[in-house]
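Reading through the structure tokens given below for one structure.
Indexing begins at 1, ligand by ligand and atom by atom, following the structure's order.
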Amino acid sequence: MSSAAYSVAVFQSSSFHVNPGKPHGRRCRPNLTLIRSSSAAAGSDSAAPPPTKHRRPADQNIRQEAHLLHTSSASPDRRFSAKYVPFNAAPSCTEFYSLDEIVYRSQSGGLLDVVHDLDALRRFDGAYWRALFDSRVGRTTWPYGSGVWSKKEWVLPEIDPDDIVSAFEGNSNLFWAERFGKQFLGMSDLWVKHCGISHTGSFKDLGMTVLVSQVNRLRRLGKPVVGVGCASTGDTSAALSAYCASAGIPSIVFLPANKISIAQLVQPIANGAFVLSIDTDFDGCMQLIREVTAELPIYLANSLNSLRLEGQKTAAIEILQQFDWEVPDWVIVPGGNLGNIYAFYKGFHMCKELGLVDRIPRLVCAQAANANPLYLYYKSGWGKFKPVKANMTFASAIQIGDPVSIDRAVYALKNSNGIVEEATEEELMDATAQADSTGMFICPHTGVALTALIKLRNSGIIGPNDRTVVVSTAHGLKFTQSKIDYHSGNIADMACRFANPPVQVKADFGSVMDVLKKYLSKSS
Ligand SMILES: Cc1ncc(COP(=O)(O)O)c(C=O)c1O
Ligand SMILES: N[C@@H](CCOP(=O)(O)O)C(=O)O
């Protein structure tokens, strides 16, 4: 067997394989063949030692193996395609761009959207896609071991796996918040999707693997991209710098000086990004990066770039998958620049369009009251959108007053019978502390989303038995200073009702016994 043929065979052995020779009608059962590994198929002599398994020739890695499959004429990916179109364009609109073009805005200056050839995807029914995506979970096959790339046909179908830059992101825990739900809300079906338990500690990894992979491809195609840049409140820059470092691509990040956590600041520094600390806020940085990327061959990595949302939407698909393709009633997402709320809508909507589920959940976008332009817009009955000056908030990653994806967010909320809520500083910090007291360790943005849940539950809009998912967007360890401030009771005008400060005690047995007895008598 030639090495190419061998590698295709072993690739097939490790996952369900779409039979590429046979097109399927919409009503066909999925034609999935689980090809057994060559060693298993060959049988074995129980007296002999088990044969050493070689998944591929020793001089070939998983990336090369996937590349060989992709470039073979049998590649199933060849059937699918995607392109940029103006966001929410009229059906008569003929404007579109190849994903290999460097373009962020439509001719009229509006947002773009990545659209997939749904007719090609519809040739396979919902059961087919469910089975295919399920078959890839928990594997190391390149690139499907990633929660994003396990949905490659729906993300960037045409990209060569060889160009993909992935840390096997996604597949994050959907945590049953049993105690928080029961104790604080009387709910039994409350879940937290821990998107922040990820490579760089936030959901941004999901979008960044897609964007940096496409940049890798553009550079290979000889396109003028000398580096990739973003404005950031901390998480986007962390993800961008890590994925770029992994691919050997220069990254440039614009950060608002003194407005992001130390843990977030150190991430791009450690990953070798060119870090500019700029004396403005996020909105100021965003304006600057847009001007700079229009002048220099620096590719824009913020979610204005619709490629990012193709990765982020896979978290929605993953939630459905983790519920065995049953649709939750509510999904609550903290919102800042507002790409993610649309990404969730898009993932859910695509699953409905392609027959994997029959409805979508109601979406809630939660904002900090100190940075709440979407909330104000919603409360005005979607009258006229007015950007705000975002004030300091413990939820520093959503301290954004002029979100680039406002139109996308409104579209997502209107089409999902959605709601917008807000959280004061005290509410979000209390909710964070309450969640932590039940065993989580969440970021303040997740506290914003939990506050929205508490309010909607208290007003009866969310029922006690509604299956509800709160999206946790970053790891709590990035925001330890806010927890230290809260638990020390060191925050002006905040009662810090759930603070749990350490007890200073002398180093002698009697003193330790005294405080322990007092503690035990209170807690019994
Ligand atoms: C931790 C965290 N949560 C939530 C958000 C909000 O996401 P989006 O900007 O897509 O609304 C961001 C970034 O903006 C973030 O970094
Ligand atoms: N919270 C974000 C803000 C920028 O959002 P983006 O999704 O448009 O990149 C960050 O971490 O920088």
Aromatic centroids of Y84 and Y104 separated by under 6.0 Å: no
Side-chain donor-acceptor pair under 3.5 Å between D100 and Q214, yes or no? yes
Determine, stepwise, if the pair Q287 / D283 fulfils side chain to side chain donor-acceptor pair (under 3.5 Å). CA-CA 6 Å; Q287 181 59 34; D283 297 300; over 6 Å; no
For G339, is the nearest heavy atom under 4.0 Å from an atom of ligand 2? no
For atom 5 (O) of ligand 2, grab the closest protein heavy atom and report residue, atom and distance to one decimal in Å. K204 NZ, 3.4 Å
If you have a sec, work out which protein heavy atom is nearest atom 6 (P) of ligand 2 and how many Å separate them, to one decimal? S303 OG, 3.4 Å
Between N302 and ligand 2, which part of the residue brings a heavy atom under 4.0 Å of the ligand: side chain, backbone, both or neither? both
Expected contact list for ligand 1 at under 4.0 angstrom, heavy-atom basis, is F203, K204, D235, P334, G335, G336, N337, L338, G339, N340, A397, I398, H445, T473, A474
Please determine if R308 has a nitrogen or oxygen closer than 3.5 Å to a nitrogen or oxygen of ligand 2. yes
Check the side chains of S172 and K193 for a donor-acceptor pair under 3.5 angstrom, ignoring hydrogens and angles. yes
Would you check if the distance from the ring center of F168 to the ring center of W142 is below 6.0 Å? yes
Do A301 and ligand 2 have an N or O pair less than 3.5 Å apart? no
With a heavy-atom distance limit of 4.0 Å, tell me whether M286 approaches ligand 2 through its side chain, its backbone, both, or neither. neither
Taking the side chain as every heavy atom from C-beta outward, state whether D162 and R220 have any atom pair closer than 4.5 Å. no
Could you tell me which atoms of ligand 2, counted from 1 in the order shown, lie closer than 4.0 angstrom to a heavy atom of F282? 3 (C), 4 (C)
Q264: heavy atom below 4.0 Å from ligand 2, yes or no? no
Quick check against the 3.5 Å criterion: does D281 have a side-chain atom that pairs as donor or acceptor with the backbone of G284? yes
Hey, which atoms in ligand 2 end up nearer than 4.0 Å to a heavy atom of D235? 10 (C), 11 (O)
CG (N458) with more than 12 external heavy atoms under 6.0 Å: yes
State the atoms of ligand 2, each with its element, that fall below the 4.0 Å cut-off from a heavy-atom position in S232. 10 (C), 11 (O), 12 (O)
Provide the number and element of each atom of ligand 2 under 4.0 Å from a heavy atom of N337. 4 (C), 5 (O), 6 (P), 8 (O)
Any side-chain heavy-atom pair from W382 and Y377 closer than 4.5 angstrom? yes
Which residue and heavy atom of the protein sit nearest atom 9 (O) of ligand 2, plus the separation: T236 OG1, 2.7 Å
Using side-chain contact (heavy atoms from CB on, under 4.5 Å), reason through L111 and S306 one step at a time and then give a plain yes or no. CA-CA 8 Å; L111 294 163; S306 45; over 6 Å; no
Under 3.5 Å donor-acceptor, W129 side chain and L121 backbone: yes
Heavy atom of A397 under 4.0 Å from ligand 2? yes
Which class fits the ring pair Y411 and F87: parallel under 30°, tilted 30 to 60°, perpendicular over 60°? perpendicular
Min side-chain heavy-atom separation I319-P328 under 4.5 Å: yes
Which residue supplies the protein heavy atom nearest to atom 1 (N) of ligand 2, what is that atom called, and how far is it? T233 OG1, 2.8 Å
